[in-house]
Amino acid sequence: MAYVVNLHAARSQLSALVERAARGERIVIAEAGRPVVDLVPHRSGPVTFGCLKGQVEYDESVFDVDPDLQAMFYGDASRRTSTGSRS
C-alpha cells in the first residue's frame, strides 16, 4: 500500500519521504486530494553506445565539402572575373 502525502506536507518532509522511498516504500504526492506523482527509488538502466553499429553504411564521401555550402560561405570562384570589372 502507498503512503499518500499532500504536496504542502511533502515540501516540508521531503528528506524523510526520500529516505522512505529509498527503502522501497511507495510514496504518492497528491495535490488537492488528487494523486500527482509517485516518489519511487531510482533504478539505473544500462547505457548502450553505438546501438546502430553495423546497421548503417556510408562511404568516405560523406565527409567531403559540399560545393554549394562552400560557395555560400566563400563565394563561387567560377563567377568571379580575373579583371574584377563588372559589365
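Both backbone and side-chain heavy atoms feed into the values below; hydrogens, waters and symmetry mates do not.
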Any side-chain heavy-atom pair of L7 and V36 under 4.5 Å: no
Results of side-chain contact (heavy atoms from CB on, under 4.5 Å) for V37 - residues two or more places apart only: I29
Salt bridge (charged side-chain N to carboxylate O under 4.0 Å, His left out) contacts touching residues 45-64 (sequence neighbours left out): none
Set of side-chain hydrogen bond (donor to acceptor under 3.5 Å, both in side chains) partners for E25, sequence neighbours left out: R20
Contacts of type side-chain hydrogen bond (donor to acceptor under 3.5 Å, both in side chains), residue D38, not counting sequence neighbours: R26
Residues that R11 engages under salt bridge (Lys or Arg N to Asp or Glu O under 4.0 Å), provided they are two or more places apart: none
L69 reachable from Y74 in the ILVMFWY side-chain graph, under 4.5 Å edges: yes
Distance-minimising heavy-atom pair for P41 and A21: CG-O, 3.0 Å
Within 6.0 angstrom of E31 CD, more than 12 heavy atoms from elsewhere: no
Positive for side chain to side chain contact (heavy atoms under 4.5 Å, CB included) with I27, one of V5, V4, V40: V5
Fellow cluster residues of Y58, listed by chain then number, with links counted only when side-chain atoms sit under 4.5 Å apart: V62, F63
